[in-house]
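Worth knowing before you read on, the calculation uses all heavy atoms, side chains too, and leaves out hydrogens, waters and symmetry mates. All of these numbers come straight from a predicted model, not from anything done at the bench. Letters A, B, ... are given to chains in the order of the sequence lines, protein chains preceding strands, and every chain is numbered from 1.
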There are 2 protein chains.
Amino acid sequence: MATIKDVAKLAGVSISTASYALNNSPKVSGKTKKKILEAARHLNYQKNGLASDLKRSSTRTIALIVTDLAGPFYAELVKGVQDVTLSKGYDLLACSSAGGEASTAIKFLTEKRVDGAIVLAHNIAAETIELSARPAFPVVVLDRKVDSDHVVSIEVDNEQGSYQAAGRLIDLGHREIAYIGGRAMGEVHGKRLDGYARALREHGLDAERRLHQSGHFDRDNGYRLTKMVIAQGHLPTAVMYANDEMAIGGIAAFKEQRIGVPEQVSVVGFDDIELAQYVRPALSTVLQPKYERGALAAHLIFQLLEGQEVERHYQFPTQFVSRDSVRALT
Amino acid sequence: MATIKDVAKLAGVSISTASYALNNSPKVSGKTKKKILEAARHLNYQKNGLASDLKRSSTRTIALIVTDLAGPFYAELVKGVQDVTLSKGYDLLACSSAGGEASTAIKFLTEKRVDGAIVLAHNIAAETIELSARPAFPVVVLDRKVDSDHVVSIEVDNEQGSYQAAGRLIDLGHREIAYIGGRAMGEVHGKRLDGYARALREHGLDAERRLHQSGHFDRDNGYRLTKMVIAQGHLPTAVMYANDEMAIGGIAAFKEQRIGVPEQVSVVGFDDIELAQYVRPALSTVLQPKYERGALAAHLIFQLLEGQEVERHYQFPTQFVSRDSVRALT
DNA sequence: CTGTTAGCGCTTTCAA
DNA sequence: TTGAAAGCGCTAACAG
């Protein structure tokens, strides 16, 4: 494979001149430049980006780390990140943290392959993140909190969102409200549960006995846990799920058992994923700003890169979205 | 930021020894290794991956190039790619070709930053791809054809899929079948249109006058074009859309005008995206294998990397999926 | 305007 | 088992 050396030789100039020409520097005369570009084309020269980044010690690239490239992640959030990143003339790459500490994500987090990272994954140890972040390598974490000088956290008020959703159900007359979630919850799901519990407690309702938590936070598990609840006989009047994926699995389970949603049981999710408005009945859920969080995350990366002082912690409010999966008890 | 040099100095060994220790080579004694690792930890040493890749001239990373990181792209397909890539011990990164020849994708396609690329985007010139592909840099393109020695194409039989779908509608008694698609179609959409036209032609039906093509292949445009068709007064009995996104937009338009799907008009999409089974009515569409294509793409990259001879062109069959958006005319 | 040269940080012979 | 040294391909002073 041709290198800049070959190009220089073929063009009959020095390496540095070739480099200048290839980078379109005004230092080199039009004639020489043409000669060099021609040589490059002739040799099908391809610059080695690694070498150039190494020399420049800058990559102009930001990494977006997600749990799984094969989704589901929030398109809107990614759009926010993307828009800001591109407008700054930086490149964006996405990689997955599947595999935890042995994943691709770690490679990008700890090996100076990018200039900053936005982490949208919970399976990367806070310690890893703390050790990676530096003034020259800012990292922004979404939906979790990491305490370190060079990492900033962007969260959503999960407790409040859940509290409001539960409050809404109670206002509608619901008294038996179950909560279905996964196991091994991180901060996010912990807060959601807290909000639910607080709302019930404040109304003198029993929360403890209505919790169902195990397995993953996915559709399948929502389905399974719901089947379990159904099998136990006494149905609550409403079920809150830890997220929309689980809720959608839950609706499928109810449907299968010919239990009407919302006629016999109301369902609410959390996240407001795209699917939420398409499932039948359309899912009532808790909306969290997505584009805004993504855009902010990227903004912060650049502010930190420029050495500005920024808040270390941000929290976005949530909003209850009322659709068809909830009904008032009269 | 500490480099390997600093680590070596602090540990009182040479750079090469430090390198060996850091790479866990058996060449270095346990005692020295411990000393070095301790020094590294103490300095919070982070390897420079660029330098190491440059030296090794290998990145063990594959790039997946998509049109837009903010989707919609096929999670299943990505999963296929991901599974194979990881099982080979390679890393996978995703980047977007938004911006065409000035995009991040180009950086990864032409600057030796990765060992191979899988292209799932149509806005990158075939020439760019041809110039990048080499024995040491295989590229696999999906849903398009690029003729070059080191790029292999994986396609889906779009013509056949569309032909079958149209045939099915005809079998069900439909005689007035419109086709709604976007503008500036690449090979993919061209073939889909061809299949539709062939089916109609073979049955002596008029296709030409029932085409509606302009704008993008997205939901919004499907909605707009459908409104247009409705406004023209005479409704066809069935509408085939170039893809599911457009079909979903179309269903929304019909719903808005209180035109029953499938009572008054049958609707068929193409792709079988996840949403297809969730919209109401559930969308009849043409399924194309996703996971398999992704997995094959990744497999081929590795075979090429190993210098094996492989077919330069693959074509997957499609399958009509019958759901609720189509009805028989009796 | 062009060339010489010193590295960027790392790996890997080769010698000791 | 360890160290010295060459060099991956490129950029950017600096000198001419």
Side-chain angles (χ1 to χ4, degrees), chain A residues 1-37 39-40 43-61 107-108 110-115 132 134 136-137, chain B residues 1-37 39-40 43-61 107-108 110-115 132 134 136-137:
Chain A
M1 191 71 225
T3 73
I4 199 174
K5 216 160 150 183
D6 304 313
V7 175
K9 192 185 293 173
L10 181 60
V13 298
S14 77
I15 296 179
S16 62
T17 305
S19 173
Y20 286 131
L22 261 5
N23 288 300
N24 206 14
S25 150
K27 297 180 129 183
V28 63
S29 76
K31 217 176 69 186
T32 332
K33 189 180 287 181
K34 214 172 84 185
K35 205 167 53 183
I36 294 169
L37 293 182
L43 293 171
N44 189 19
Y45 166 72
Q46 318 236 114
K47 135 199 252 197
N48 185 319
L50 299 182
S52 120
D53 280 357
L54 173 59
K55 177 67 194 178
R56 289 202 228 256
S57 47
S58 147
T59 64
R60 296 191 73 80
T61 304
K107 195 160 149 178
F108 283 91
T110 66
E111 296 187 355
K112 302 184 186 157
R113 293 166 183 280
V114 289
D115 293 349
S132 306
R134 283 164 282 118
F137 188 78
Chain B
M1 192 70 225
T3 73
I4 198 173
K5 216 161 150 184
D6 304 313
V7 174
K9 193 187 293 174
L10 180 60
V13 299
S14 76
I15 297 180
S16 61
T17 306
S19 173
Y20 285 133
L22 261 6
N23 287 301
N24 207 12
S25 150
K27 297 180 130 186
V28 61
S29 78
K31 219 176 66 186
T32 332
K33 187 179 290 181
K34 213 171 82 186
K35 206 167 51 184
I36 294 169
L37 294 182
L43 294 170
N44 188 19
Y45 166 72
Q46 316 234 115
K47 136 201 255 199
N48 185 319
L50 299 181
S52 117
D53 281 356
L54 172 59
K55 179 65 195 180
R56 289 203 226 258
S57 47
S58 146
T59 65
R60 296 191 73 78
T61 304
K107 194 160 151 177
F108 284 93
T110 66
E111 297 188 354
K112 302 184 185 156
R113 292 165 186 282
V114 290
D115 293 349
S132 306
R134 283 164 283 118
F137 187 78

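Note that NZ of A:Lys33 and CG of A:Asn23 are 10.0 Å apart. Values are rounded to the nearest 0.5 Å. Taken from CZ in A:Arg113 to NZ in B:Lys47, the straight-line distance is 7.0 Å, to the nearest 0.5 Å. Atom CD1 of B:Ile15 and atom CG of B:Asp6 lie 9.5 Å apart (nearest 0.5 Å).
Contacts with DNA chain C (heavy atom under 4.0 Å) in residues 51-59 of chain A: A:Leu54, A:Lys55, listed by number.
Counting to the nearest Å, the P atom of C:dT12 and the CG atom of B:Asn23 are 8 Å from each other. Spacing between atom CD1 of B:Ile4 and atom C1' of D:dA5 amounts to 15 Å, rounded to whole angstrom units. Atom pair B:Tyr45:OH and C:dG9:P shows a separation of 10 Å (rounding to whole Å applied). The nearest whole Å value for the distance from the CG atom in B:Asn24 to the P atom in C:dT11 is 13 Å. One atom, NZ of A:Lys5, and another, C1' of D:dT11, lie 15 Å apart when rounded to the nearest Å. One can place CE of B:Met1 at 15 Å from P of C:dC8, the figure rounded to the nearest angstrom. Going from atom CD1 of A:Ile36 over to atom C1' of C:dG3 covers 12 Å, rounded to whole Å.
Pairing each heavy atom of B:Tyr45 with each of B:Ile4, the nearest pair is CE1-N, 3.4 Å. Residue A:Phe108 comes nearest to A:Phe137 through the heavy atom pair O-CZ, 3.8 Å, listed as atom of the first residue, atom of the second, then distance. Contact record, A:Ile36 with A:Ala21: CD1-CB, 3.5 Å, taken as the closest heavy-atom pair. In plain terms, the two heavy atoms of A:Gln46 and B:Lys112 that are nearest each other are O-NZ, 3.3 Å. The nearest pair of heavy atoms linking B:Asn44 to B:Met1 is O-CE, 3.3 Å. Between B:Leu50 and B:Asn48, the shortest heavy-atom distance links the atoms N-OD1, 2.9 Å.
Relative to the axis of its first five pairs, the axis of the last five pairs of the helix from C:dC1-D:dG16 to C:dA16-D:dT1 sits at 40°, rounded to 10 degrees.
At a cut-off of 3.5 Å, with distance as the only test, no side-chain donor of B:Thr59 or B:Asp53 sits close to an acceptor on the other residue.
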Every protein N/O lying under 3.5 Å from an N/O of nucleotides 1-4 of chain D:
{"from": "D:dT2", "atom 1": "OP1", "to": "B:Ser29", "atom 2": "OG", "distance (Å)": "3.4"}
{"from": "D:dT2", "atom 1": "OP1", "to": "B:Thr32", "atom 2": "OG1", "distance (Å)": "2.4"}
{"from": "D:dT2", "atom 1": "OP2", "to": "B:Ser29", "atom 2": "N", "distance (Å)": "2.9"}
{"from": "D:dT2", "atom 1": "OP2", "to": "B:Thr32", "atom 2": "OG1", "distance (Å)": "3.2"}
{"from": "D:dG3", "atom 1": "OP2", "to": "B:Ser14", "atom 2": "N", "distance (Å)": "2.8"}
{"from": "D:dG3", "atom 1": "OP2", "to": "B:Ser14", "atom 2": "OG", "distance (Å)": "3.3"}
{"from": "D:dG3", "atom 1": "OP2", "to": "B:Thr17", "atom 2": "OG1", "distance (Å)": "2.7"}
{"from": "D:dG3", "atom 1": "N7", "to": "B:Ser16", "atom 2": "OG", "distance (Å)": "3.0"}
{"from": "D:dA4", "atom 1": "N6", "to": "B:Ser16", "atom 2": "OG", "distance (Å)": "3.3"}

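Heavy atoms of B:Lys112 sit nowhere under 4.0 angstrom from any nucleic acid atom.
Although no hydrogens or angles enter the test, the distance criterion places no donor-acceptor pair under 3.5 Å between the side chain of B:Arg56 and the main chain of B:Leu54.
The phosphate of C:dC8 has neither OP1 nor OP2 within less than 4.0 Å of any side-chain N or O from B:Asn48.
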